[in-house]
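Below is one structure, written out as structure tokens, with a few remarks after it.
What you see below is based on every heavy atom in this structure, not just the backbone, and it leaves out hydrogens, waters and symmetry mates. Values in this document were obtained by computation on a predicted structure and should not be read as measured data.
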Amino acid sequence: GVEVGPQPQGVVRADILDKMRKIIKHGLDFVQLFNEGREFPPCTIEVFKIMEKVDYPRNKNDEVIAIIHPKLQDQDWQPLNNGDPLFLTLDGEVIAYKGDCTVYPTFINEAAYYEKKQAFVKTVKVKLTAKHIRSSVL
């Protein structure tokens with residue numbers, strides 16, 4: 001499966017549809033070249049690894065007591081460092097990120113994740129290295 005976004009639920013956006021079509025085309029091109037016996041050299045790519053799902057701050061009654069801080073809103077995949085603002089309580093108190101490394105939040109304040117008790121997901125950057133590949137069927 002391929003998911004390309006962000007895109008609000010129930011909305012069709014031409015730019016996102018175009019990106020999805022390009023990704024699918026590249027995937028199909030790769031499969032065709034691989035099936036034709038093309039050798040692909042080793043490569044390294046940087047990816048984001050999910051580390052933790054973060055819930056909204058809640059009180060003892062399990063009620064949300066803070067919202068996403070304005071400086072975090074719409075900052076998916078941007079670095080979040082120790083001390084950066086995460087949440088803003090309804091009383092105006094800032095709740096900061098307390099972490100020992102830089103993380104890259106994503107799915108920030110996504111409506112589809114409210115019921116899952118997820119304010120955002122913390123990811124870290126990692127490098128993946130692939131050896132060369134070639135189809136053994138020719």
Spacing of CD belonging to Gln32 relative to CG belonging to Asp29, to within rounding of 0.5 Å: 6.5 Å
Worked verdict on His132 versus Glu39 for side chain to side chain contact (heavy atoms under 4.5 Å, CB included): CA-CA 7 Å; His132 78 282; Glu39 183 170 346; 3.0 Å; yes
Between Thr44 and Thr129: side-chain donor-acceptor atoms closer than 3.5 Å: yes
Backbone of Ile68 reached by a side-chain donor or acceptor of Asn109 within 3.5 Å: no
Cationic N near anionic O, under 4.0 Å, Lys22 to Asp18: yes
Transitive ILVMFWY side-chain link Val94 to Tyr97, under 4.5 Å: no
Joint cluster assignment, Val124 & Ile45, ILVMFWY side-chain distance < 4.5 Å: yes
Atom pair NZ (Lys98) and CG (Asn82), whose distance is rounded to the nearest 0.5 Å: 8.0 Å
In one Ile/Leu/Val/Met/Phe/Trp/Tyr side-chain cluster, 4.5 Å: Val126, Ile50: no
Worked check of side chain to side chain contact (heavy atoms under 4.5 Å, CB included) between Thr123 and Lys49: CA-CA 5 Å; Thr123 70; Lys49 179 181 178 184; 5.9 Å; no
Any Thr106 side-chain heavy atom under 4.5 Å of Phe48 side chain: no
Main-chain N/O of Glu63 paired to Asn61 side chain as donor or acceptor, under 3.5 Å: no
Connected via hydrophobic side-chain network under 4.5 Å: Ile24 and Ile16: yes
Check: Pro57 and Val64 side chains under 4.5 Å, non-hydrogen atoms: no
Interatomic spacing from CZ in Arg38 to OG in Ser135 - rounded to 0.5 Å: 13.5 Å
Close side-chain approach of Asn35 and Leu33, heavy atoms under 4.5 Å: no
Gap separating the CD atom of Glu52 from the CD atom of Gln118, nearest 0.5 angstrom: 10.5 Å
Between CD on residue Glu46 and NZ on residue Lys125, distance to nearest 0.5 Å: 4.5 Å
Trace of the side chain to side chain contact (heavy atoms under 4.5 Å, CB included) decision for Asp84 with Leu86: CA-CA 7 Å; Asp84 287 348; Leu86 283 181; over 6 Å; no
Steps toward side chain to side chain contact (heavy atoms under 4.5 Å, CB included) verdict (Tyr113, Val121): CA-CA 10 Å; Tyr113 297 113; Val121 173; over 6 Å; no
Residue pair Lys122 / Phe120: nearest heavy atoms and the distance that separates them: CG-CE1, 3.6 Å
Where Ile108 and Leu72 come nearest, the two heavy atoms and their spacing: CD1-O, 3.6 Å
For Thr102, all residues meeting side chain to side chain contact (heavy atoms under 4.5 Å, CB included), sequence neighbours excluded: Pro79, Asn81, Tyr104
Single-linkage hydrophobic cluster, 4.5 Å side-chain cutoff, Leu80 and Val47 together: yes
Axial cation check for Tyr56 ring with Arg58, 6.0 Å and 45° limits: no
Minimal non-hydrogen separation, Ala66 against Ile95, with atom names: CB-CD1, 4.2 Å
Asp100 atom CG, over 12 foreign heavy atoms within 6.0 Å: no
Closest non-hydrogen atom pair, Gln78 against Pro105: O-CD, 3.2 Å
